[in-house]
Every structure is written in C-alpha cells, then in structure tokens.
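Each remark here refers to the structure printed beneath this line.
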Amino acid sequence: MSNLQEQKNKPDAGKNLANAESILADIAINAQLADYSPVKGCMVIRPYGYSIWDNIKNILDKRIKETGHENAYFPMLVPESFLQKEAEHVEGFAPECAVVTHAGGKELAEKYVLRPTSETIINYMFAKWISSYRDLPLKINQWANVVRWEMRTRLFLRTTEFLWQEGHTCHATWKEAQEETLMMLQEYKKLLEDYLAIPVFTGKKTESEKFAGAESTYTIEALMRDGKALQAGTSHNLGQNFAKAFETKFTNENNQLDFAYQTSWGVSTRLVGALVMGHHDEVGLILPPRIAPYQVVLIPILKRNEDNSSLVAHLKTINDELQALGITTKIDARDNISQGIKFNEYEQKGVPVRLVVGPNDMTNNVVEIHRRDIRSKDKGIAREGIASHLKNLLEEIQAGLLKRAMDFRKEHTSQANTIDELASILESKGGFVRAMWNGDVAIEPLLKEKFKASIRCMPDDKELDASKVPCIFSGQISDKNVEILIAKAY
RNA sequence: CGGGGUAUGGCUCAGUUUGGUAGAGCGCUUCGCUUGGGACGAAGAGGCCGUAGGUUCAAGUCCUGCUACCCCGACCA
C-alpha cells in the first residue's frame, strides 16, 4: 500500500487510522455508518449504519417478545415535575436534560423534559393500569429515542440523542423482579456474543455506578480493541422506588396494598459503536456476518469495450443461489469506477466476504473470494457449490471473530493484588483487571483520579480465591471482600 | 466551563507571515482512451473565503466581537 502522503488525495482515503483517538470517528465516517449533524453532539445515522442497528433491533425485538414482553410507545415529552418525584433519579438526570419551555408561541405553564429515559412517565401510566396482582406481571418494551445533554460526545458511543429500547416491567414480588432483571441481562449477553461476536462480562454495578433511582444495576461490560471497557447494556432492579414515587400500587393475593416491584433494561445504538471499536483493523470496520447489512458483495470485473451482459447475468445467477441459502448480498456492477475503488470501499465498510468474477473466471467456472476478517484472497474457488461453501465460510468468520475477541480479552484481563500492580497494568496494556475489594467506597475516587479508571462491575464470573487474595485497597484478606473488575472505560 | 484546533467549491486542503479581488488534488459533467487492487488525456460546471463590525484606495489575508464544529480535560444513566 502507498504511504499516507500518497493516499491523501485519493478518493475516500479518509484519515489514517493510526491516530487512536479518532479511530471511531474515522471508521464511522469512512464506512458511511454516520455523519455529523448540524446540531452539536448529534449524528445522522446513514443507511449502512442504520441497517446494522436494524439487524440488532430485529434480533433483540424477537427475543423481547419471546420472553413475554409487549411493545408500546410513550411520549417523548415528560412533565418536568415527573422527574422530580424520585429523589435519586432527578439528581442523576436533571443536569443532562433538555427542557422545552416554549411552544405555540407561548411560554409553557409546566416545562417539558425531553425524555432522558422513561421510568417516570411510564410509571405514571402503570399506576393507572395496575390495581390487582392479577394485572401482573406487566412487561412492556419501547423502541425510542432519548436525549441526554452530555458535555462530551462521540459518534455512537455517546451522542446527545440516541436510539434504544427500554424495557419496563412490574411484578408482584421482589424475587420475580430480580429474575426478570437477570434474565434480560442474559439476553443481552447472548445478543452481544452470538451476534455481535463481542464477549462480555456480566456483573453488578457498585452503588456509585448504578442507575439513578435503581435498587441495583447489572451490566454487560465489553472490551474494546484499544483496551478500554464499554458498558454495552444495563438491567436494573428498581425495587419499589419508582412505584412509591408514583403510587404504582396493587392489591395482592391477601387483599393488601403493595407497591409494584419493577425492572428496567436497555441497550442502545451504542452497540454499533461497540461493533466498530470491537472489530476493526488498519483498513476499517470488520463486521460479523450475522449483523452485517449484507454478508457478501459481488463484484464483476467489467470490460468496457466488451459486452459485459453475460458476465453480469452470470453474477446474478450466483447471487440468486446465495440468496436462496439465506445469504444477504449486494451486487456492485457500477461501470464508472474501477474495481480497486470498490474493493477498498467494501473493506472499509467491513463486508465479511467479497466475491469477484471476471471473464476468465467465468470461462474457468471459478470465483475469487476475499475474506475481510483475515484479509485473505483465494482465486480459483470452484463456482459449483459456492453458496454452501460461503454459507459455511460465513459461520467460520462469525466464530472466528468471537474467538479473536475472546482471546484478546483473555490477554487483556489481568489480576492485581495491589494498587501498584494495578497502575503498571493499566499503563502497559490496559484491559480488565481483577481484584478483591472490601467495599470501601473511597477506592472509587482514587481510581478515577489516579488512573481515570473505575470499577466496571462485580462480575458473576469469579476467578479469585478470597482466602488468598487481599483487598487491593486495604491489603487485608477477608471473606467479606468481593471480586471486582477495574478498567478504564468509555 | 477550561485548554487546543479548525472554519476557503461536494470532499481534503493550500493561499494569511510580506493586503492587490481565489488555487490544487479528488469528486462531478462531456468526449476519447483504458479496466483482474485506488488508470490517463482533453474540455467544462462549481466558491459573494463561517458571521458582524473596523482599518485601508484595496481585506480570504490585518484588528475586534460573535457563532459553529472537532480534539483534550472536567462531567456522565
């Protein structure tokens, strides 16, 4: 490949990916996932990026319904007073709320907040809908946009407005709510691992990291290729906090009034950012086949002064065979640009497989296959049975990407018994650091100030022996110590 | 809100130091030639230089204010 200077003026060369700070933006822009909008901190999700989100949405939506939830839609405008009903909630969200003060040419009697999340307005409605244990459980989900006025934004990972799903459920018992919370966390884990090929740690958040208003928050934490952790989804057991604030009450089997036990859980377009930061190389994005807008791009080698119609027809026949096996495809037969430009474009976009056929291939009854994940090119692959060959190859790529990510995480998950060990790990290779912790909250500001790191969670998957490993903070061994994962995070 | 940067054609940028009325590459249009990893030639189209003032015979260029976006930090379900 040519050097940067030579690339500078080439079409779509974009910026060089060596600059770690702008990898996300470079890939997202070059791959046409998104573009900057005229509004600060907001982005336009372009068709290619939205198609990825669509795939995520379709997969998850199906599971949400299969696990007994129904979709609904609640309004974007929330009376400001609603937010104030739950003390922790308003404290957590007020600073990042956008507020509508005027409408219809007049100042509003009550201001409206653009929802940063919908617990309050949903509880207001739940209170009207629920009166008996027979109305429970009530399991609702909505796909919506939310607005959070973040000081600093990044494409997909933290934008002012983003798309997500938020599940909200009401239960008759704490236990049932807890089961729901953990079940949805597992659904998220499956989504990330089985489809996005991103392994995650599940675990519980500390008090300071939990959702404002929740009793407890559970998270899936993923590792990005730059060694930083990403909170990829959360599931909250809300206890009765919101129910008490909104009087979401029901009569139980003993004819006693009780407040509903609630959960909420969500994943957002941040997952597209996770995909970018979880799978890329120096060329650009690498998409797992199960989430790619199209899994195979078919490109003919066109001869302008010749009749290419039979070649294109040939490619279409192959295309039909692939589609018949459920492979998603795109044919790019544009004749105004060279195949080299096309190759580069689809590599930047992370299309898992490229299938190329030229006149010679057609004569020899072969095709050329390029794998995006390992950037291999195989000429002379038999055209016969190509669809089933690719079907298998796509599964191989999917599994390979997950394995690669798991290996990477394994290499970047360390153990620290002291703050000094933690320091050297975070500075050298980053990633997750396992440690024991006595629960003293003073460690959190320390981690933040010294290392810009945080406790990502108390993982479900534990590896340390509490009888041998001391608290990283106090140096004491105690069976009251809990295992934690520390990392720098987005 | 601090620190840094940027604002000139669709894109990436040069031109600002030393004021003289706007350029390059790419993209786009047409024609020719070409096509197995980012071709080539020719001819075109396209910009009141972010914005508002000021200095000057003359401002993309100098001065002042403002705005927007990007990066870094603070902040962050």
Side-chain angles (χ1 to χ4, degrees), chain A residues 1-2 4-16 19-26 29-30 35-43 83 86 88-97 115-119 146-155 157-160 162 164 166 205 208-214 217 219 231 233-236 238 264-268 270 283 299-306 308 311 334-348 354 356-364 366-368 370 375 377 379-380 448-449 452 454 489-490:
Chain A
M1 284 298 286
S2 51
L4 181 63
Q5 203 60 16
E6 285 169 343
Q7 283 200 2
K8 195 175 169 187
N9 290 326
K10 289 188 175 170
D12 299 319
K15 293 167 192 163
N16 129 49
N19 180 1
E21 298 305 335
S22 60
I23 281 181
L24 173 66
D26 290 350
I29 299 293
N30 286 345
D35 205 348
Y36 291 108
S37 83
V39 181
K40 176 183 169 62
C42 292
M43 67 175 176
L83 225 65
E86 211 287 330
E88 277 187 30
H89 194 65
V90 65
E91 194 188 328
F93 279 106
E96 51 186 283
C97 282
R115 64 177 161 223
T117 179
S118 303
E119 273 74 8
V146 288
V147 170
R148 296 181 185 180
W149 215 261
E150 302 287 354
M151 288 180 178
R152 201 172 146 219
T153 55
R154 307 195 64 166
L155 291 177
L157 293 184
R158 180 173 286 107
T159 47
T160 298
F162 57 91
W164 77 346
E166 46 180 326
K205 285 286 189 186
S208 70
E209 294 275 335
K210 76 171 191 195
F211 174 69
T217 289
T219 179
Q231 176 178 301
T234 47
S235 185
H236 318 289
L238 302 176
S264 69
W265 27 272
V267 294
S268 70
R270 169 178 269 196
V283 178
I299 299 175
I301 302 295
L302 300 172
K303 305 286 179 185
R304 184 161 292 172
N305 289 335
E306 294 171 24
N308 294 301
L311 178 63
R334 287 177 293 176
D335 61 2
N336 58 332
I337 55 176
S338 71
Q339 61 273 8
I341 291 175
K342 294 179 188 174
F343 294 172
N344 185 257
E345 177 182 330
Y346 294 108
E347 283 168 24
Q348 288 193 344
R354 178 175 72 231
V356 176
V357 180
N360 300 337
D361 297 327
M362 187 165 68
T363 307
N364 299 330
V366 295
V367 300
E368 178 185 300
H370 176 271
R375 303 197 69 203
K377 185 155 74 176
K379 302 184 181 210
K448 189 173 173 183
E449 281 156 34
K452 290 179 198 164
S454 53
Y490 275 102

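Proteins come first, then strands; the chains are lettered A, B, ... in the order of their sequence lines, and each starts at number 1. Computed from a predicted structure; not experimentally measured. Every heavy atom of this structure was used, including side-chain atoms; hydrogens, water molecules and symmetry mates were not.
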Atom-to-atom span, CD of A/Gln339 to P of B/G37 - whole angstrom:
6 Å
Could you state the atom-to-atom distance from CG of A/Asn30 to P of B/C11 in whole Å?
15 Å
Could you measure between the two C1' atoms, the one in B/U55 and the one in B/A14, and give it in whole Å?
27 Å
For a side chain to side chain contact (heavy atoms under 4.5 Å, CB included) check, start with the C-alpha distance between A/Arg354 and A/Phe343, then their side-chain angles and the critical distance, and finish with the verdict.
CA-CA 8 Å; A/Arg354 178 175 72 231; A/Phe343 294 172; 3.4 Å; yes
Rounded P spacing from B/G53 to B/A59 in Å
14 Å
Within 45 degrees of the ring normal and closer than 6.0 Å to the centroid, is that where the cationic atom of A/Arg270 sits relative to A/Phe162?
no
Give a yes or no on whether a donor-acceptor pair under 3.5 Å exists between the nucleobase atoms of B/G36, that is its base, and the side chain of A/Lys379.
no
Just compare B/C76, B/C71, B/G36 and give me whichever is closest to any side-chain atom of A/Ile301.
B/G36
B/C48 to B/U29 separation - C1' atoms, rounded to the nearest Å:
25 Å
Give a yes or no answer on whether the side chain of A/Lys342 reaches the backbone of A/Arg334 with a donor-acceptor pair at less than 3.5 Å.
yes
Could you give the CG-to-P distance, from A/Leu157 to B/C70, as a whole number of Å?
14 Å
Taking side chain to side chain donor-acceptor pair (under 3.5 Å) as the definition, give me every residue that meets it alongside A/Ser268, ordered by chain and number, with sequence neighbours left out.
none
Examine the base of B/G37 for any acceptor or donor lying under 3.5 Å from a partner atom in the side chain of A/Glu347, and report the outcome as yes or no.
yes
Between B/G47 and B/A24, how many Å separate the two C1' atoms, rounded to a whole number?
14 Å
Between B/U12 atom C1' and A/Asp26 atom CG, what is the distance in whole Å?
13 Å
So what does A/Asp335 hit on the nucleic acid, given a heavy-atom distance under 4.0 Å: a base, only sugar-phosphate, or nothing?
nothing
Base, sugar-phosphate alone, or nothing: which one does A/Gln231 contact when heavy atoms must sit under 4.0 Å apart?
base
State the CZ-CD distance between A/Arg375 and A/Glu347, to the nearest 0.5 angstrom.
5.0 Å
Taking side chain to side chain donor-acceptor pair (under 3.5 Å) as the definition, give me every residue that meets it alongside A/Ser264, ordered by chain and number, with sequence neighbours left out.
A/Glu119
Please work out if A/Thr234 contacts a base, only the sugar-phosphate, or nothing of the nucleic acid, heavy-atom cut-off 4.0 Å.
base
Base, sugar-phosphate, or nothing: which does A/Lys342 touch, judged by heavy atoms less than 4.0 Å apart?
nothing
Stems for RNA chain B (at least 3 consecutive Watson-Crick or G-U pairs, under 3.5 Å) come to B:1-7 with B:67-73, B:10-13 with B:23-26, B:28-32 with B:40-44, B:50-54 with B:62-66
Could you tell me whether A/Trp265 contacts a base, only the sugar-phosphate backbone, or nothing, with contacts defined as non-hydrogen atoms closer than 4.0 Å?
nothing
Whole angstrom value for the distance that separates C1' of B/C69 from CG of A/Leu155:
12 Å
Among B/C28, B/G36, B/C75, the one nearest any side-chain atom of A/Met151 is B/C75
If you look at every strand shown and take non-hydrogen atoms under 4.0 Å, does A/Gly92 touch a base, only sugar-phosphate, or nothing?
nothing
Considering only heavy side-chain atoms of A/Glu150, the closest of B/G36, B/C76, B/G37 is B/C76
Within the structure, does a side-chain N or O atom of A/Lys452 lie under 4.0 Å from either OP1 or OP2 of B/G73?
yes
Specify the separation, in whole Å, of atom CZ of A/Arg354 and atom P of B/G38.
12 Å
Give the rounded distance in Å between these two atoms: CG of A/Asn344 and P of B/G38.
11 Å
Stepwise, does the side chain to side chain contact (heavy atoms under 4.5 Å, CB included) test hold for A/Val356 with A/His370?
CA-CA 8 Å; A/Val356 176; A/His370 176 271; over 6 Å; no
Is any side-chain heavy atom of A/Val357 closer than 4.5 Å to a side-chain heavy atom of A/Ile301?
no
Under the side chain to side chain contact (heavy atoms under 4.5 Å, CB included) rule, what do A/Asn308 and A/Asp335 come out as? Steps first, then yes or no, please.
CA-CA 10 Å; A/Asn308 294 301; A/Asp335 61 2; over 6 Å; no
Same-atom distance (P) from B/G2 to B/U16, integer angstrom:
32 Å
Please give the distance between the C1' atoms of B/A22 and B/C13 as a whole number of Å.
14 Å
What's the gap between B/G50 and B/G15 when it is taken at their P atoms, as a whole Å value?
15 Å
If you check every side-chain atom of A/Lys448, which of B/C71, B/C75, B/G36 has the closest atom?
B/C75
Remember a base hit wins even if backbone is also touched, and classify A/Pro95 as base, sugar-phosphate or nothing at under 4.0 Å, heavy atoms.
nothing
Using a cut-off of strictly less than 4.0 Å, decide whether A/Lys303 has a side-chain nitrogen or oxygen near OP1 or OP2 of B/G36.
no
For the P atoms, the ones on B/G37 and on B/G23, what distance do you get once it is rounded to whole angstrom?
38 Å
Pairwise distance NE2(A/His236) to OG1(A/Thr117) - rounded to 0.5 angstrom
7.0 Å
Does B/G38 have its OP1 or OP2 closer than 4.0 Å to a side-chain nitrogen or oxygen of A/Ser338?
no
If I take atom CZ in residue A/Arg158 and atom P in nucleotide B/C71, what distance separates them, rounded to the nearest angstrom?
13 Å
Want to settle it: does A/Ser37 or A/Ala212 sit nearer the 5' end of RNA chain B, counting the closest nucleotide to each?
A/Ser37
Considering only side-chain heavy atoms of A/Ile341, which listed nucleotide, B/G38, B/C76, B/C28, is closest?
B/G38
Applying a 4.0 Å non-hydrogen cut-off, can you work out what A/Glu449 is touching in the nucleic acid: base, sugar-phosphate, or nothing?
nothing
Report the residue (A/Ile337 or A/Ala489) whose heavy-atom-nearest nucleotide on RNA chain B is the more 5′ of the two.
A/Ile337
